[in-house]
2 protein chains.
Amino acid sequence: MTDSTGPVRDNPRTRPAKAPLSRQAVIAAALGLVDEAGYAAVTMRRVAQALDTGPASLYVYVADRDELMAEAYDLALAEVEPPGPVDGDWRARLELLVGRAIAALGGHDDIALVAITRVPTGPNALRLLEATMTLLRAGGVDDSVCPWAADVLDQYVTSSALELAARLRDQRAVAAAGGAAEATEEAMSRAAGSELDAIYGELPADVYPTIHALRPAMTTAGRNGHLYATWKLGVIIDGLLAHRRHP
Amino acid sequence: MTDSTGPVRDNPRTRPAKAPLSRQAVIAAALGLVDEAGYAAVTMRRVAQALDTGPASLYVYVADRDELMAEAYDLALAEVEPPGPVDGDWRARLELLVGRAIAALGGHDDIALVAITRVPTGPNALRLLEATMTLLRAGGVDDSVCPWAADVLDQYVTSSALELAARLRDQRAVAAAGGAAEATEEAMSRAAGSELDAIYGELPADVYPTIHALRPAMTTAGRNGHLYATWKLGVIIDGLLAHRRHP
DNA sequence: ACCTGAACACCGTTCAAGT
DNA sequence: ACCTGAACACCGTTCAAGT
């Protein structure tokens, strides 16, 4: 007699799940969609749908899609903790910091695309910029080149995060195809980067002698994700050390 | 008596401009639109409009927007000429090659965005990859790390081209605003990167001491485009030289 | 073979109207 | 203040129909 009569009553049994909208909820929903389907698949309409509302409602909390994605990017960086004194000298700490940023961003698919078209200025991005430049200074990098050095490291983080995301995506595709034999084979060959290898393989050896000669080393398989990332960071840091002072 | 009577006749006076459609024409039109309005503004419908046809007609020559943009990217690289023996030793030549690639891509607004989401495999990209790896080998870079080194240089080219494009875009905005005093001031402050500087300036100095201390060096003005690009390339090449061999 | 009008299934964003 | 239905001005891509 109390339950089914009044549709005016805000009954938590018939209307249970709908959490109140908020800026945080909108941003979290956007990042969740990135995880599921990637940056390009995040539309205002889908974010709204995930929050059980209409697209127009989002504009109460967020100026536009661009701002929303920038906030999702910063949310992805929230989990990154800057290393402390226990983690070693400045170089070990810098490597840890950079590695954590790559893992955090790469763990949210291609959210790092946000950093390609705009300079991140969210609170977490600023926090990590501060930490990075502090470590660089500790490494003897000159004040005048410190911002440049931080920029180079940021570019390294962005491109490495996108690479990691692509690798994880391939792995997920292989795992998802673990049923039909044909699909599995196709997914595995994609994961091995053999499309690219096939392109190199079809080039005439006389006009592309170097590509031809180095082809074994050029496949994604030959790149070995982690080893490549380590090598690349070494290149950058040693390069930075050689250019500590302003030209 | 021959000119105005027959509407059936294909009269070049009344129907002059419409060139026959072709894959090349579609690609060139797309790159032209990038130059005018940037990557995001290039839609199939606008490309069709520029060619005086309907969007459906483009699909005769091009599989989808992605392929079209990839071809436009490769077209932008067509003008890059690999340096020869007259241009100096391997390092001078590598610096020239990389500089030319940045200039070519950056001269077509943000077309370099194409290289972010897919590995360029057009004929010109392959031609320049071959040239790059040949120079790296001449510099003593080990075969096993050559592809990695080429990858690092490609990332440098892409990010530098996007930076250059942004700088040119700002300059164009300043030039275009050369009338109304207010508009000019706003455009110039944008060009000086003072938005970013304002963000840094508002940070509390006690929790962001390093950003605070280095703020003068962090503005775009302080970055001085060309000097920064030179420094960055030096960092990468010297880093590569220090890691010539496989770890 | 090449071209295209019309349609399909989407977009981001705005705005008047509701509570 | 917060929310929203409906609309506006776009998208990429397909496909049946024309030449």
Interatomic distance, CE@B:M218 vs CG@B:L196, rounded to 0.5 Å, equals 7.0 Å

P atoms of C:dA9 and D:dA9, separation to the nearest Å = 22 Å

Rounded to whole Å, the CE-P distance (A:M69 to C:dT13) equals 12 Å

OG of B:S159 to CG of A:D151, rounded to nearest 0.5 Å, is 8.5 Å

So salt bridge (charged side-chain N to carboxylate O under 4.0 Å, His left out) across residues 53-67 of chain A, not counting sequence neighbours, yields A:R23-A:E67, A:D66-A:R118

In whole angstroms, the gap separating C1' of C:dC2 from CZ of B:R23 amounts to 16 Å

Base-paired stretches in DNA chain D with three or more consecutive Watson-Crick or G-U pairs, both distances under 3.5 Å, amount to C:4-8 with D:12-16, C:12-16 with D:4-8

Shortest non-hydrogen pair, A:V47 vs A:L68, comes out as CG2-CD2, 4.3 Å

Separation of C:dG5 atom P from B:L58 atom CG, nearest Å, is 13 Å

On a heavy-atom basis, the closest approach of A:L168 and A:G106 is CD1-O, 3.6 Å

Atom pairs under 3.5 Å, N or O on each side, protein against nucleotides 7-12 of chain D: can you list them with distances?
unit_1: D:dG12; atom_1: OP1; unit_2: B:M44; atom_2: N; d: 3.1
unit_1: D:dG12; atom_1: OP2; unit_2: B:M44; atom_2: N; d: 3.0
unit_1: D:dG12; atom_1: N7; unit_2: B:R45; atom_2: NH1; d: 2.4
unit_1: D:dG12; atom_1: O6; unit_2: B:R45; atom_2: NH1; d: 3.1

The salt bridge (Lys or Arg N to Asp or Glu O under 4.0 Å) partners of A:R215 (sequence neighbours excluded) come to A:D197

Without placing hydrogens or testing angles, list every side-chain donor-acceptor pair under 3.5 Å for residues 72-81 of chain A, not counting sequence neighbours.
unit_1: A:D74; atom_1: OD1; unit_2: A:N124; atom_2: N; d: 3.3
unit_1: A:D74; atom_1: OD1; unit_2: A:A125; atom_2: N; d: 3.0
unit_1: A:D74; atom_1: OD2; unit_2: A:N124; atom_2: N; d: 2.9
unit_1: A:D74; atom_1: OD2; unit_2: A:N124; atom_2: ND2; d: 3.1

Sorted by chain and number, sequence neighbours left out, side chain to side chain contact (heavy atoms under 4.5 Å, CB included) with B:A165 holds for B:D109

Does a side-chain N or O of A:T53 approach OP1 or OP2 of D:dT4 to a distance below 4.0 Å, or not? yes

